[in-house]
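Remarks on the structure that follows.
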Amino acid sequence: MKLDVSFLLDVFPLLLSALPTTLLITAVSVSVGFVIGVVIASIRIYRVPYLYPIAVSYVTFIRGTPMLTHLFLIYFGLPLLVDGLASFAGLSFRAASIPLIWFAFISFSIMAGAYMSEVVRSGLLAVNRGQTEAAYAIGMNTWQALRRIVFPQAFATSLPILSNSVIGMLHGSTLAFTVSVVDINAKAQIVATTNWKFFEAYIAAAIIFWGLTIAIERITGHIEKRINRYNRGGVA
Amino acid sequence: MIKLTGITKSFGRNQVLKGIDLHVNKGEVVVILGPSGSGKTTLLRCINYLERPSDGQIVIGDSIVDCKRAGKQDILQLRRKSAMVFQQYNLFKHKTALENVMEGLVIVQKRPKEEARERSVQVLEKVGLGSKLDAYPSELSGGQQQRVGIARALALEPEVILFDEPTSALDPELVGEVLEVIRKIAKEGITMIVVTHEMGFARDVSNHVVFMDGGVIVEEGTPQEIFSSPKEERTKQFLKRITPEWSYTI
């Protein structure tokens, strides 16, 4: 077998047409997941009554089951729920009209939320208790102390691990092909079925993913440098 | 004016404060002395509710808070009428010196940014850090950090500033510059309650000295009374151990 380099080069533009899908899935899941993560982590740290056990079960269930299983649970379960609710409410809306990519958005966001909640929680725990006390001592309420003092420091601490989550999500987004969403990886498979040059197609896909990952590393590295400006003197 | 009545505090079964009554007049500098574990820091932290007292009453200015029934608003009131200087400085480490001082003015007191900045610069200049406005805490020495901490408290114009062993974490060489600043603002008539081990400072600067041991106030009085003619045996014992012979004055 010989590597067909010219095919390899021709494949790139074809695969890049699926780039927006991959980026969209990643961006949506990471953003929604981050918001969920902050909420869940805060609930767990402040041991909010009633919500605390729910938050804990959510994290253990999601982390205890594979990403692909979530996707199928949402893909097969959500339509039943939506149709049930719609007919109960007398609406004509049917689950069949939900775009397939939404199933990926929903299940990946739920998953990213569980994992990111632990990242955020570690960041929050790393903030010195004295910082909160100082915030209270100047008269801030709990929300002001969190927003102004604790969250910014926690974010700076968790950034390196957050970039890990983003990269994980980027690569995890390839699973969306199982619910017929065409991302970069799925596109490679489709392109290759015409001439069976799967190896070349997947090499191209791998290179694109690598490039994207390097970009993410660069971007977070840059943000890290800016955010951590205050640490330049060493330990404080 | 600050008035504490019957303050008690227990951690589990361990009763740390056993009914403290303390009265501080406006403009007074009160120093609390005592061996470690005597409850002096806990008492200080009860005044602004960093520790929740088990029982008693706290009055700062026109806020009267019954500790058994204190709600969120009561606690916020106490905290907004007081300010604290911490042993470990606790400067907001992601903010510059200027931002540290401005934070309370802008976020808590809702003052316009420009006014807050002007006031903050002025206070930082007063503590001798006019040239360090844009430095982060990690770029400052311990003494400088603590002076920012004092500026942060001072800028808020609270009814009382609580000092929790403000020089205990400092290099001996840097203690002087911080004490100098505290001395300076004490002279301006700001009400202060200071927990410290600096006897010289206590003697020179305070109007009133409180000696605590085992969760109660053993003795209180003017510095003259406490340092030169203590009445209680426990006070004498403590002063003897903590004050080197050569610094006795007649």
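What you see is a predicted model; the values in this text were computed from it and never measured. In what follows, chains carry the letters A, B, and so on, assigned in the order in which the sequence lines appear, proteins first and then strands, with residues in each chain numbered from 1.
Neither the backbone nor the side chain of A:Ala156 comes within contact range of chain B; no heavy atom of the residue lies under 4.5 Å from a heavy atom of that chain. Residue B:Leu78 does not touch chain A at all, counting heavy-atom pairs closer than 4.5 Å. With a 4.5 Å cut-off on non-hydrogen atoms, B:Leu156 touches chain A through its side chain but not through its backbone. Proximity to chain B is limited to the side chain of A:Gln144, based on heavy atoms less than 4.5 angstrom apart. When heavy atoms are compared at a cutoff of 4.5 Å, B:Phe86 approaches chain A solely by way of its side chain, counted from C-beta outward.
Contacts with chain A were tallied for B:Leu162, B:Thr96, B:Leu91; B:Leu91 has the most, counting heavy-atom pairs under 4.5 Å. Of the listed residues (B:Leu76, B:Asn48, B:Ile107, B:Leu105), the one with the most heavy-atom contacts under 4.5 Å to chain A is B:Ile107. When each of B:Gln77, B:Lys95, B:Lys72 is checked for heavy-atom pairs under 4.5 Å with chain A, B:Lys95 comes out on top.
Counting only heavy atoms from C-beta outward, the side chains of B:Ile182 and B:Val85 never approach each other to under 4.5 Å. At least one side-chain heavy atom of B:Glu198 sits under 4.5 Å from a side-chain heavy atom of B:Thr167.
Here CD1 of A:Ile54 is found 8.0 Å from CD1 of A:Ile43. Values are rounded to the nearest 0.5 Å.
Proximity of a side-chain donor or acceptor of A:Gln131 to a complementary backbone N or O of A:Asn128 within less than 3.5 Å is not detected.
B:Ser63 and B:Lys81 share a side-chain donor-acceptor pair at under 3.5 Å. Looking at A:Thr174 and A:Asp183, their side chains never bring a donor and an acceptor atom within 3.5 Å of each other.
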